[in-house]
Amino acid sequence: MARVKHAKAAANYIHHSKNPKAQHNAASHLRKKRDREVINVPGWEHLRETASQIKMHTLSNLDKYLEEFERKATQNGVKVHWAQDGNEMNEIVYGILDQHQVPYLVKSKSMLTEECHLNDYLEKRGIDVFDTDLGERIVQLSKETPSHIVVPAMHKTREDISELFHDTMKTEKGNLDAKYLTLAARKDLREKFMNARAALTGVNFGVAETGTVTIATNEGNADLGVNKAPVQIHCMGLEKMVPRQMDLSVFLRLLGRSATGQSITTYSSHYQRPKPGGEMHIVLVDNGRSKHLGMEDFWTALKCIRCGACMNTCPVYRSGGGHSYGYTVPGPIGSIITPARDINQYDDLPFASSLCGSCSDVCPVKIDIHGQLLKWREVIVDHGIVDKSKSIPMKMGSKVLSKPSWYRFAGSIARKVMKQFPGLVSSMVKDWTRGRELPEVPKESFRSWYIKNKKKNDK
Ligand code: SF4
């Protein structure tokens with residue numbers, strides 16, 4: 001896979017996107033909504049701490065809880081499958097659909113199936129997939145990938161969607177009415193729901209003590225699919241586990257508020273056993289999570305409940321767009337989980353951050369995101385895979401800074417060059433000066449100024 005170059009991709013997005021501000025505006029709006037909602041919850045910090053502790057405990061005992069979950073789910077009549085990687089997950093899902101001769105699948109939002117490229121896999125084998133979450137449907141019809149984990153079409157404006165629906169669903173040209181457009185998508189999908197013989201969803205939480213899966217949506221599309229189709233499949237990453245049903249009272253209060261500034265998502269559905277005459281499958285997917293869990297400095301990133309709050313607050317994500325991360329999960333959390341999956345492909349992402357720490361401040365499960373971003377930089381430098389444009393100046397800088405005499409000499413040369421050839425210096429650091437001006441060159445170094453003034457004051 002090609003190495004992701006975030007800065008280049010983000011520049012491309014800013015310069016060539018029709019609406020480079022769309023993502024920024026939508027994410028900022030969600031961040032403000034979150035703040036307004038969170039301020040009204042007494043003990044919010046305590047809730048975050050509790051969620052963090054529950055997740056740390058679960059991840060530390062994940063083997064035990066996964067086995068308990070499998071046992072309970074099997075007792076409930078659910079068929080539980082284990083997939084080591086994305087390919088295995090795709091094979092399992094295809095196997096179930098093929099066994100039932102299913103011509104198509106209705107799917108509600110699942111970032112895990114995006115991560116494992118399930119749609120492509122099934123479509124190549126003759127099974128159509130209809131994404132039924134409105135945002136997912138929009139990106140599917142656009143032949144794009146999600147730019148945000150909660151709001152997949154965040155980068156689109158109403159004008160884009162109106163044009164897309166006109167081209168694909170023959171809606172009235174130029175009609176920008178949100179209700180009209182939503183109803184058109186709903187009508188288009190309704191027939192698919194009604195005749196579906198299989199439905200697939202992602203999972204927000206898997207409860208070990210009951211073998212239940214919990215799915216939070218705002219559109220009810222997961223419920224419509226699962227309750228109508230005889231075969232239901234739920235694909236779940238291993239880290240989605242919580243020990244007890246009562247733990248959901250903590251996580252569901254945090255999730256909606258952090259994600260979209262709602263006190264709770266419109267539907268929180270719990271599936272425990274197959275419908276009469278139906279089949280229920282749960283696919284537990286590893287795909288790099290066990291390896292990640294074994295990383296001493298980074299395992300707590302698996303606490304993530306995929307609320308998207310860190311994306312909404314991140315100045316780099318908001319400006320550079322979600323697609324510039326080259327991975328299903330973008331933004332600050334994407335930048336710390338991707339190198340755990342493939343350090344060579346995603347070594348650039350931990351550098352796509354101002355390290356302002358806003359991501360860690362909003363994270364409902366208290367992941368030290370900016371701390372891990374910094375730690376990944378250290379690991380990447382130690383691996384020797386950092387870009388030469390970064391590593392060479394850093395090595396030179398460290399040599400110069402380690403000897404006062406070299407530092408003084410370099411400072412005097414730099415002042416002279418900056419004074420006489422400002423254009424040359426500017427072009428040498430053009431990435432830095434693109435949005436800033438070079439600082440005014442001081443007449444002398446701080447050191448000589450200090451010595452002079454100290455002498456004056458001592459007299
Ligand atoms: S890292 Fe935290 S803020 Fe970001 S998506 Fe995960 S839970 Fe939400």
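Both backbone and side-chain heavy atoms feed into the values below; hydrogens, waters and symmetry mates do not. Atoms within each ligand, like the ligands themselves, are counted from 1 in listed order.
Applying the salt bridge (charged side-chain N to carboxylate O under 4.0 Å, His left out) test to residues at least two apart or on different chains, the pairs with a partner in residues 305-334 are E239-R306.
Aromatic rings from H281 and H81 are positioned such that their centres are separated by under 6.0 Å.
Side-chain contact, Y317 with H24: no donor N or O sits under 3.5 Å from an acceptor N or O.
By the criterion of a separation under 2.8 Å, the protein N/O/S atoms near atom 2 (Fe) of ligand 1 amount to C363 SG.
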side-chain contact (heavy atoms from CB on, under 4.5 Å) evaluation trace for V129 with L200: CA-CA 10 Å; V129 181; L200 185 144; over 6 Å; no

side-chain contact (heavy atoms from CB on, under 4.5 Å) between E219 and L134, worked out: CA-CA 8 Å; E219 296 168 29; L134 181 58; 3.6 Å; yes

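Residue G308 approaches ligand 1 through these ligand atoms, each under 4.0 Å from one of its heavy atoms: 5 (S), 8 (Fe).
For the pair R253 and F251, the cation-pi test (distance below 6.0 Å, angle within 45°) is failed.
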